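Worth saying up front: this structure is predicted, and the values here are computed from it rather than measured. One-based numbering along the sequence shown.
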Amino acid sequence: MTDWPPVDPTDAAAVAERRDAVVDAVRDHAGRIAYELALLEGGDYGRVEFETDGGTWTVKYEAGDLEFLLFEPTSGSEVYVVSTKRQPEPSALATALADYSAFVRAFNEHVAAAEEQLEDVPTEFPEPASTENAVNERRRILDRVEETCDEIAGQLHRLEGGEYGTYESRIDGQRWELNWDRDGVSYLRIGGSDGVYLLSQYAPPEASDVRRYVPQFPAFVEAYNETVADRTETLSRVEL
């Protein structure tokens, strides 16, 4: 009969218990690092690597909580010191923790470098210009355009009937469209569906577009007047 050495299961249990206690302590400590990294990096989740003489440490965090702490030694196998999957093997854990202090120093240096980069950054800036005058002037110009377009819309509603319609004309080679309903102008657009809305129910046009197209607006009104004159002349030749 082979003479085997005695086996005491309590020895393995004690080792596992000690390993778990060490991992819990590292999880608490590295969890603080993960929280500080989340604050420093400015995001809810991320991963940051730290280089030491012994290898590379990777901290992954989400919502400020530690997801895992990975150590990849310069020689040997990687070990997840902290993870949600499994506990590390004791000898691998011991190898990693021999370099843990170097990891913490690397983290501290990372924070110190960020502090140094922010030193002497100026916080006095030029006063931003007010947009009030530009906005008021744009509104004044567009109010006048809208007033005229509402008048045209009302006349078209009387002339053509119906609840809505579109009047189109080409000015300097571009298509101008006045879309109207019984309440007035819906929009004034230049250049088709991908063009510029001089009037719309959404956003106002850019100042550069106002400057470019408003000087052409009288030509659009004249084109409308000519259309009405042509129709009037046509109707005048009808005899009853």
List the atom pairs, with distances to 0.1 Å, where a side-chain N or O of residues 199-224 and a protein N or O form a donor-acceptor pair under 3.5 Å, not counting sequence neighbours.
| from | atom 1 | to | atom 2 | distance (Å) |
| --- | --- | --- | --- | --- |
| S200 | OG | Y202 | N | 3.2 |
| S200 | OG | A203 | O | 3.4 |

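- Pairs engaging residues 160-181 under the salt bridge (Lys or Arg N to Asp or Glu O under 4.0 Å) rule: E160-R231, E163-R182, R175-E177, E177-R189 [sequence neighbours left out].
- Among pairs with a residue in residues 122-141, none fulfils ring pair (Phe, Tyr, Trp, His ring centres under 6.0 Å), at least two apart in sequence or across chains.
- Within the 3.5 Å criterion, the main-chain N or O of Y164 finds no donor-acceptor partner in the side chain of H157.
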Could you go through residues 59-86 and list every donor-acceptor pair under 3.5 Å that involves a side-chain atom there, pairing it with any protein atom two or more places apart or in another chain?
| from | atom 1 | to | atom 2 | distance (Å) |
| --- | --- | --- | --- | --- |
| S83 | OG | K85 | N | 3.2 |
| S83 | OG | R86 | N | 3.4 |
| S83 | OG | R86 | O | 3.2 |

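- To the nearest 0.5 angstrom, T166 atom OG1 is 4.0 Å from N179 atom CG.
- Between V22 and R19, the closest side-chain pair of non-hydrogen atoms is not below 4.5 Å.
- Note: L118 CG to T123 OG1 = 11.5 Å, rounded to the nearest 0.5 Å.
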Throw together a table of side-chain donor-acceptor distances under 3.5 angstrom for residues 140-153, partners on residues two or more places apart or in other chains.
| from | atom 1 | to | atom 2 | distance (Å) |
| --- | --- | --- | --- | --- |
| R140 | NE | E137 | OE1 | 3.2 |
| R140 | NE | E137 | OE2 | 3.3 |
| R140 | NH2 | E137 | OE2 | 2.6 |
| D143 | OD1 | R139 | NE | 2.6 |
| D143 | OD1 | R139 | NH2 | 2.9 |
| R144 | NH1 | T148 | OG1 | 3.1 |
| T148 | OG1 | R144 | O | 3.1 |
| D150 | OD1 | V185 | N | 2.9 |
| E151 | OE2 | Q155 | NE2 | 2.9 |

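- Hydrophobic clustering of Ile, Leu, Val, Met, Phe, Trp and Tyr side chains at less than 4.5 Å, counting indirect connections, unites V228 with W176.
- In the hydrophobic cluster analysis, where Ile, Leu, Val, Met, Phe, Trp and Tyr join through side-chain heavy atoms closer than 4.5 angstrom, V196 is grouped apart from Y187.
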Side chains of residues 30-48: which donor-acceptor pairs under 3.5 Å do they make with residues two or more places apart or in other chains?
| from | atom 1 | to | atom 2 | distance (Å) |
| --- | --- | --- | --- | --- |
| E41 | OE2 | H110 | NE2 | 3.3 |

